There are 2 protein chains.
Amino acid sequence: MEEKSISDIIEEYLKQILGESSQIEIRRSEIANHFDVVPSQINYVIKTRFTIQHGYLVQSKRGGGGYIRIERVNLLDNVDVLNSLIQAIGDSISERDAYDIVRTLYDEKLLTRREGDLMLVALSKQTLNVNDCNVEARLRARILISMLNRLRYES
Amino acid sequence: MEEKSISDIIEEYLKQILGESSQIEIRRSEIANHFDVVPSQINYVIKTRFTIQHGYLVQSKRGGGGYIRIERVNLLDNVDVLNSLIQAIGDSISERDAYDIVRTLYDEKLLTRREGDLMLVALSKQTLNVNDCNVEARLRARILISMLNRLRYES
DNA sequence: TAAAATTTGGTCAAGATTAGTCAAGAAATT
DNA sequence: AATTTCTTGACTAATCTTGACCAAATTTTA
């Protein structure tokens, strides 16, 4: 609510800019300077909050004129994006990453809250309750991909 | 009658704040400090008094900027139906029986078509893909029961 | 043009900050 | 007296912050 971490604030800032155009290019050091953090914190924010699971593609370039480009994408509409998402899932996915994907679909209004919650409880560690974490993650991947494919065909 | 425990007092305090907005975010250490108890007592209060059976959803985040979020939800009045279904499922259920339950809920208009389909793909033999049939049936039961529990409340 | 210098972003690990778990003992209730 | 509930704290886990070191691209210089 009130005491947000600086990472949360940087996330909001970037998303606010992204609200105006669907793609932005930033200079890492500028953002870091603006929020008075070390440059690698920007990498941390991007790595934890702007993944494909969240519905973002990120590209970057080093050297003079370097940049970090963040692009907002649609997970289900675009076949390429959906494929890269399924590729990112692979045959195994953590509870956290699965949660992020469902959350993104909900944010994009592709799921109702009830549908999203039904998916989340089916993917939760508590429900799956498998001793072996690898087995659990593989099972979660199968369930999630099955559900995504169902959504894909029905939309 | 008797003295209130400190857990009761913390419960009242949280519910009072929840009376103003249907969702609150607290910092565990702040509440613990305010009532002069160890932090884990807050977990105890939440675990015993803010369960889904009581009509609350709880989420949390650790690390800097961490929080515990408590949300009040509206319990629906079809709880009895769901309870008896959960009873009937027990700790194991076949694909066929699970299908029938979902179908029944759909016919009773407790599920939309999409919700029902999402449940079915998550419960199918093909998705679960577990060698041992008993293990599979127990896993299916856990998933179905978790989903039915989600249907107990709205929004 | 090739090497060197400069300018950018990337990785990783240690430390800090927050919440979660569990079990033992105390207190209350039956 | 037995059982249940509450309280406490040691240990665990997740997340965030920082900085040293690495890699790539461009620009400058020999």
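Not measured: the values here are computed from a predicted model.
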Between C1' of D:dT5 and CD of B:Glu11, the distance in whole Å = 13 Å

Nearest heavy-atom pair of B:Leu75 and B:Ile52: which atoms, and what distance?
-> CD2-O, 3.7 Å

So does A:Arg114 pair up with B:Glu154, basic N to acidic O under 4.0 Å?
-> no

Could you state the CD1-P distance from A:Ile42 to C:dG10, rounded to the nearest angstrom?
-> 11 Å

Nearest-Å distance, CD (B:Gln59) to P (C:dG20)?
-> 12 Å

Lys/Arg-Asp/Glu bridge criterion (N-O < 4.0 Å) met for A:Arg103, A:Glu108 = no

Between A:Asp117 and B:Arg150, does at least one N-O distance fall below 4.0 Å, as a salt bridge requires?
-> yes

Roughly, in whole Å, what's the span from OH in A:Tyr67 to C1' in C:dT7?
-> 15 Å

A:Arg27 CZ to C:dG10 C1', in whole Å, measures 16 Å

Please say whether more than 12 non-hydrogen atoms of neighbouring residues, nucleotides or ligands are located less than 6.0 Å from CG in B:Asp132.
-> yes

Answer yes when A:Glu95 and A:Lys125 have at least one side-chain N-carboxylate O distance shorter than 4.0 Å, and no when they do not.
-> no

Tell me: CZ of B:Arg69 to P of C:dG20, nearest whole Å?
-> 13 Å

When the C1' atoms of the five terminal pairs at each end define the local axes, what inter-axis angle does the helix from C:dT1-D:dA30 to C:dT30-D:dA1 show, to 10 degrees?
-> 10°

Which whole-number value in Å describes the distance from B:Asn43 CG to C:dA23 C1'?
-> 15 Å

B:Ser146 side-chain N/O to A:Ala122 backbone N/O, donor-acceptor pair under 3.5 Å | no

Would you give a per-nucleotide map of nucleotides 12-24 of chain D, 5' to 3', where B means the base has a protein non-hydrogen atom under 4.0 Å away, S means only the sugar-phosphate does, and - means neither?
-> -BBBBBBB---BB

Polar side-chain contact A:Arg28-C:dG10 base: donor and acceptor under 3.5 Å = yes

Under 4.0 Å between a Lys/Arg side-chain N and an Asp/Glu carboxylate O for B:Asp8 and B:Arg49?
-> yes

Under-4.0 Å salt bridge between B:Lys47 and B:Glu11 | no

Heavy-atom nearest nucleotide on DNA chain C taken for B:Ile68 and for A:Ser29; more 5' hit belongs to A:Ser29

Rounded to whole angstroms, how far apart are CZ on A:Phe50 and P on C:dG9?
-> 16 Å

